[in-house]
Amino acid sequence: MSVTVSSTRPSKPKNFPLHRTLPGFIRDPLKELERISRAADGEVVRLDLGIVKPLLVTRPEHLQIVLREESDTYTRDGIFWRPLDDLMGTGVLGGTGESWAVSRKVLQPVFTSRNIRALTGRLADTINAAVDELDPAAQAGRPVAAGREMARIVNQTVVRIFFGHKIRSAEIARLTPAFEAVIASLAFRVLLPFMPEALTPRGRSYRAGIRAIDDVMFGLVEKYRDDPGEGLDIFTALCRARSAEGSGLTDQWVRDNLVGMYAAGTETTATALSWLWPLLCRHPEVAARLYEEIDRVVGGDRVGPEHLSGLTYTKQVVQEVLRLYPVGWQFPRMAVRSGTIAGTPVKEGQSLLISPYLTHHLDYVWERPDEFDPDRFAPERSAGRHRYAYFPFGGGPHQCVGNHLFHIEAQLIAASVLSRYRPEPVGAVPSRPAMGRTLRPEHELEMRLVPVGGRT
């Protein structure tokens with residue numbers, strides 16, 4: 001397909017007026033955004049959403065300008081970020097400027113490759129113990145809910161990596177449902193950021209969830225801030241930074257970073273893995289290759305760090321899952337000063353909609369973009385690909401610091417489950433995402449886990 005590069009001369013972006021797009025947004029907002037993105041074919045266009053009229057930016061070359069080259073002009077601010085303020089605060093995922101820079105400096109060492117390698121053994125042990133809990137249902141032939149089980153396994157894993165042994169079972173029991181309530185409520189808040197608080201659906205459960213999260217987080221900070229002890233976990237690193245002489249950091253800063261990272265760590269991995277199972281059910285040829293690799297590399301062992309280097313196709317499968325269904329499907333930005341993007345004027349205060357989902361499905365960027373093909377990420381096919389053709393974790397200075405941890409965790413979970421069981425769907429297999437804060441499958445997949453050769 002031929003590509004026409006935008007002129008550098010100032011030109012008004014094409015408009016998609018509300019009266020033409022509203023019926024599509026009412027029926028299926030994500031599908032309507034896909035239609036608009038394909039019609040724009042990578043050009044910058046203006047969306048009319050009534051109260052706000054963001055510019056839609058999907059072309060990799062344009063994304064590089066917004067996310068990297070001029071990231072200080074296009075900041076994480078504006079109406080589309082406000083629904084996240086109560087949850088994320090001013091930490092590494094919600095803050096900007098100096099607050100964000102301090103959080104990033106403190107957390108970056110925790111997520112270095114060297115530190116993650118040191119944590120991988122603990123990750124594998126926690127994952128294997130969580131997967132053990134699937135065995136009663138597997139032995140009884142009782143179906144399990146794929147998304148719910150992935151959320152359980154991920155939550156147990158993330159809790160240990162984030163808090164070490166400083167969090168009690170009673171606190172985890174409060175934290176998990178509170179986050180679930182808040183994440184469910186965010187779907188409405190992100191899609192309708194201008195709706196008054198009193199009219200927002202699930203507003204009561206959202207507020208109750210935030211209160212429960214704050215109770216647990218501030219309680220932990222008060223208990224450990226002055227004597228965090230040793231450990232490689234995120235909570236300890238934050239408390240050490242907070243207690244350092246002259247830091248100027250507060251309990252609120254620790255809470256905001258904990259909450260933001262915890263929400264991202266659980267929601268990203270659990271949602272991505274909830275897509276793995278329906279995709280394997282619909283693509284038996286991919287499933288067969290994946291099973292063969294895991295059987296050969298892991299065999300009858302419990303999965304561990306030593307297996308990761310051999311799970312090359314498993315990594316490609318995870319990468320392709322994130323291409324098709326990037327969990328953070330949108331990264332809004334706001335222009336803090338006027339500028340241009342490939343000749344399109346951008347005024348100060350203008351909102352921009354950045355969407356990995358839309359870019360990952362552009363015809364001129366990806367061959368057969370709607371097909372599930374993990375071989376796209378084989379080294380020979382990845383060479384020369386634009387850096388912003390694939391950006392499920394964002395890009396530039398604000399790229400997610402936990403992306404390396406995600407890939408290790410996702411590979412270990414997939415290998416731990418599939419070295420023991422083969423999934424068989426029970427009922428309908430979801431094929432479309434439900435649009436919200438994240439892109440979850442349209443309905444839960446019930447599946448039966450068949451033990452592999454007597455292994456459990």
If you apply the rule side-chain contact (heavy atoms from CB on, under 4.5 Å), what do you find for H307 with R302, and how did you get there? CA-CA 10 Å; H307 298 126; R302 291 170 76 80; over 6 Å; no
Do R432 and D28 have side chains that approach each other closer than 4.5 Å (heavy atoms only, starting at C-beta)? yes
Using a distance-only test with no angle check, is there a side-chain donor-acceptor pair under 3.5 angstrom linking Q156 and R152? yes
Would you kindly say whether T266 and N155 are connected by a side-chain donor-acceptor distance under 3.5 Å? no
By the definition salt bridge (charged side-chain N to carboxylate O under 4.0 Å, His left out), identify the one residue from D132, D301, D135, D295 that meets it with R420. D132
Determine the interplanar angle of the W275 and Y325 rings, folded into 0 to 90°, and report it as parallel if under 30°, tilted if 30 to 60°, perpendicular if over 60°. parallel
CZ of R168: more than 12 outside heavy atoms within 6.0 angstrom? no
Begin with the C-alpha distance, continue with both residues' side-chain angles, and end with the deciding distance and a verdict on side-chain contact (heavy atoms from CB on, under 4.5 Å) for H386 and Q64. CA-CA 9 Å; H386 195 286; Q64 182 166 316; 3.2 Å; yes
Tell me whether the count of non-hydrogen atoms from other residues, nucleotides or ligands lying under 6.0 Å of CZ in R242 goes above 12. yes
Tell me, yes or no, whether the heavy-atom count around K315 atom NZ, taken from other residues, nucleotides or ligands under 6.0 Å, exceeds 12. no
How close do P369 and R38 get, heavy atom to heavy atom, and via which atoms? CG-NH2, 4.1 Å
Which pair of non-hydrogen atoms, one from F331 and one from P356, has the smallest distance, and what is that distance? CE1-CG, 3.4 Å
For the pair W366 and Y390, name the ring-plane relationship: parallel under 30°, tilted 30 to 60°, perpendicular over 60°. perpendicular
Might you confirm whether atom CZ of R225 has over 12 heavy atoms from other residues, nucleotides or ligands at distances under 6.0 Å? yes
